[in-house]
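What you are looking at is a predicted structure, and each value in this text was computed from that prediction instead of being measured. Labels below follow one simple rule: chain letters A, B, ... track the order of the sequence lines, proteins then strands, and each chain is numbered from 1.
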Number of protein chains: 2
Amino acid sequence: MPTAKKDVIAGVFDNLRRVIQAVHGYSNRAQRVGGLTGPQLWAIKVLSEAAPTRVSDLARRMYLHPSTVVGILDRLESKGLAARYRSAEDHRVVDVKLTVKGKAIVDRSPAVAQGLLLQGLEGLSGRELRVVSEGLELLVGILGAQRVPPQLLFSPEVNLPQTGDGPGKR
Amino acid sequence: MPTAKKDVIAGVFDNLRRVIQAVHGYSNRAQRVGGLTGPQLWAIKVLSEAAPTRVSDLARRMYLHPSTVVGILDRLESKGLAARYRSAEDHRVVDVKLTVKGKAIVDRSPAVAQGLLLQGLEGLSGRELRVVSEGLELLVGILGAQRVPPQLLFSPEVNLPQTGDGPGKR
DNA sequence: TACCAATCATTGGCATAGCAATTATAATCG
DNA sequence: CGATTATAATTGCTATGCCAATGATTGGTA
């Protein structure tokens, strides 16, 4: 019983892994709603909230690497749910929008993959929700302390070659 | 304005993604210790605790699909860190063991990535730690992930107690 | 004994995910 | 004005991760 703190930490590890596994497996379980995968649903959700969006913007909003988003967009486009348009002002930029079909899917699946989590969070009391929120912020602080500030997660500055204390590779 | 709760929930989503990305990217940040990825390190860690292990057992301990583990083992074997042996009693079974080289790596990377999280958690006050713990438990409850057996986590040091439902508040 | 169902590892296919390098375009500097 | 630099999206490569077969083996059963 003097190891109370250690036990709590062990529990945090366990639960963190559970949460990650759950969220991961959740969105990864191919073919969820309407033959869409989790990230695909997530993408059209983000697009429905803020479109048109440039690719890099979408990546930032999804906390994903741009190249990852390109693949997701390829699949959405081949399904006829999203469309890409070269920007007129800046020809480097590609604007992404939902098609009518894509919008229909968003409307038809209001909560999508995160629905369960969203519902659950909404069902919490104010105090419980605050606990969850604060707990996650502490975790983010810990993980971000030696790593990446959240907002810059995938900005170019962070994409450096990992030379921190690298024992000469390559 | 009911926006308060909604904003908090949105923040929870963001932070959850950040945490997952951090833990994920952490282990993925190519070639961390000795040119190994996170899952590879995790695998040899598990192997160092319970070897020889059959493939399906390893998969179970890592909460991964056997076919996923096969790929990881292929890469470990090609690096000369693990070895597969057809079982003598049951020819369907493949036993996996670490090589000397593999064992050396485990010894050389005691805490790896999770050590930093562990450090950070230990640096929290009792109240903060309790908030993190309770928040995660609420999340686990929502996600229904409680059914995922905890057992092995990242490192063996943190992996002990788990006495049934002991410290559970829930 | 010959068949049959269960088990185990593996393979192949698809999707996500990240980084490095490439291409195209824009902005800036000499 | 031309060359360099910076930015945006994409491609190529590697690695997870899941599922659905496949092949091999085992154990049980008619």
Side-chain angles (χ1 to χ4, degrees), chain A residues 20-32 35-43 53-60 62-79 84-96 113 148 153-163 166 169-170, chain B residues 17 20-32 35-43 52-60 62-79 84-96:
Chain A
I20 289 178
Q21 284 279 111
V23 171
H24 221 84
Y26 219 48
S27 65
N28 235 351
R29 237 73 170 181
Q31 319 295 73
R32 290 208 76 70
L36 296 184
T37 63
Q40 286 171 14
L41 273 172
W42 183 15
T53 315
R54 48 170 62 184
V55 175
S56 53
D57 235 34
L58 182 57
R60 214 175 346 261
M62 293 179 72
Y63 303 103
L64 291 178
H65 201 277
S67 63
T68 303
V69 171
V70 166
I72 295 173
L73 284 178
D74 286 346
R75 272 158 239 128
L76 286 180
E77 204 169 26
S78 77
K79 285 178 215 259
R84 283 184 257 212
Y85 305 94
R86 204 100 223 175
S87 166
E89 307 99 44
D90 190 333
H91 277 233
R92 296 168 301 181
V93 173
V94 167
D95 286 316
V96 187
V148 189
L153 213 76
F154 291 104
S155 62
E157 297 92 6
V158 199
N159 264 357
L160 332 149
Q162 304 304 329
T163 40
K169 48 218 141 184
R170 170 189 292 274
Chain B
R17 287 194 194 108
I20 290 177
Q21 291 287 349
V23 172
H24 222 83
Y26 213 43
S27 63
N28 243 349
R29 235 62 173 187
Q31 324 296 69
R32 284 210 83 62
L36 296 184
T37 63
Q40 287 171 16
L41 266 175
W42 185 16
T53 314
R54 48 171 61 185
V55 174
S56 53
D57 234 33
L58 182 58
R60 214 175 346 259
M62 293 179 73
Y63 304 106
L64 291 178
H65 200 277
S67 62
T68 303
V69 172
V70 166
I72 296 174
L73 284 178
D74 286 346
R75 274 157 236 129
L76 287 179
E77 203 168 28
S78 77
K79 285 178 215 267
R84 281 183 258 211
Y85 305 93
R86 205 99 222 174
S87 165
E89 308 98 46
D90 190 334
H91 277 233
R92 294 169 301 182
V93 172
V94 168
D95 285 317
V96 187

Distance, rounded to the nearest Å, where [X] contributes [atom1] and [N] contributes [atom2]:
{"X": "Y63(A)", "N": "dG18(C)", "atom1": "OH", "atom2": "C1'", "answer": "18 Å"}
{"X": "L73(B)", "N": "dC8(C)", "atom1": "CG", "atom2": "P", "answer": "16 Å"}
{"X": "H65(B)", "N": "dT11(C)", "atom1": "NE2", "atom2": "P", "answer": "15 Å"}
{"X": "M62(B)", "N": "dT16(D)", "atom1": "CE", "atom2": "C1'", "answer": "10 Å"}
{"X": "R60(B)", "N": "dC18(D)", "atom1": "CZ", "atom2": "P", "answer": "14 Å"}
{"X": "D74(B)", "N": "dA15(D)", "atom1": "CG", "atom2": "P", "answer": "11 Å"}
{"X": "L64(B)", "N": "dC19(D)", "atom1": "CG", "atom2": "P", "answer": "11 Å"}
{"X": "W42(A)", "N": "dA15(C)", "atom1": "CH2", "atom2": "P", "answer": "19 Å"}

Selection from [options] that lies nearest to any side-chain heavy atom of [X]:
{"X": "Q40(A)", "options": "dA15(C), dG12(D), dT16(D)", "answer": "dA15(C)"}
{"X": "V55(A)", "options": "dG18(C), dA9(D), dC8(C)", "answer": "dA9(D)"}
{"X": "T68(B)", "options": "dT11(C), dA20(C), dG17(D)", "answer": "dG17(D)"}
{"X": "I72(A)", "options": "dT11(D), dA17(C), dG17(D)", "answer": "dA17(C)"}
{"X": "P66(A)", "options": "dT11(D), dC8(C), dT10(D)", "answer": "dT10(D)"}

Practice prompt. May I ask you to say what R54(B) touches in the nucleic acid, namely base, sugar-phosphate or nothing, with a heavy-atom cut-off under 4.0 Å?
Written response: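 Sugar-phosphate: the residue R54(B), judged by heavy atoms under 4.0 Å, touches backbone atoms but no base.
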Practice prompt. Just jot down the side-chain hydrogen bond (donor to acceptor under 3.5 Å, both in side chains) partners of H65(B), sequence neighbours excluded, or say none.
Written response: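 Checked H65(B) against side-chain hydrogen bond (donor to acceptor under 3.5 Å, both in side chains); matches are S67(B).
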Discussion item. Would you say S56(B) places a side-chain N or O within less than 4.0 Å of OP1 or OP2 belonging to dA9(C)?
Written reply: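 For S56(B), the contact criterion (side-chain N or O under 4.0 Å from OP1 or OP2 of dA9(C)) is met.
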Worksheet item: Does a side-chain N or O from R84(A) land closer than 4.0 Å to OP1 or OP2 of dA9(D), or not?
Response: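 No.
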Discussion item. Let's see if you get this right: which residues in residues 85-92 of chain B place a heavy atom under 4.0 Å from DNA chain D?
Written reply: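 By residue number: E89(B), D90(B), H91(B), R92(B).
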Could you tell me whether the side chain of [Y] reaches within less than 4.5 Å of the side chain of [X], counting heavy atoms only?
{"X": "L36(A)", "Y": "K79(A)", "result": "yes"}
{"X": "I72(B)", "Y": "L64(B)", "result": "yes"}
{"X": "V96(A)", "Y": "L76(A)", "result": "no"}

Item to complete: List for me each residue that meets salt bridge (charged side-chain N to carboxylate O under 4.0 Å, His left out) alongside D57(A), sequence neighbours excluded, and say none if there are none.
Response: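 With sequence neighbours excluded, D57(A) shows a salt bridge (charged side-chain N to carboxylate O under 4.0 Å, His left out) to R60(A), R61(A), given in chain and number order.
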Worksheet entry | Set of residues satisfying salt bridge (charged side-chain N to carboxylate O under 4.0 Å, His left out) with respect to R92(A), sequence neighbours excluded |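 Result, salt bridge (charged side-chain N to carboxylate O under 4.0 Å, His left out) vs R92(A): D90(A).
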Discussion item. Need to verify one output field. Residue with the more 5' nearest nucleotide on DNA chain D, D95(A) or R75(B)?
Written reply: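 With D95(A) and R75(B) compared, the 5'-side residue is D95(A).
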Discussion item. Can you list everything that forms a side chain to side chain contact (heavy atoms under 4.5 Å, CB included) with V70(A)? Sequence neighbours excluded, please.
Written reply: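 Side chain to side chain contact (heavy atoms under 4.5 Å, CB included) list for V70(A), sorted by chain: V55(A), D74(A), R84(A).
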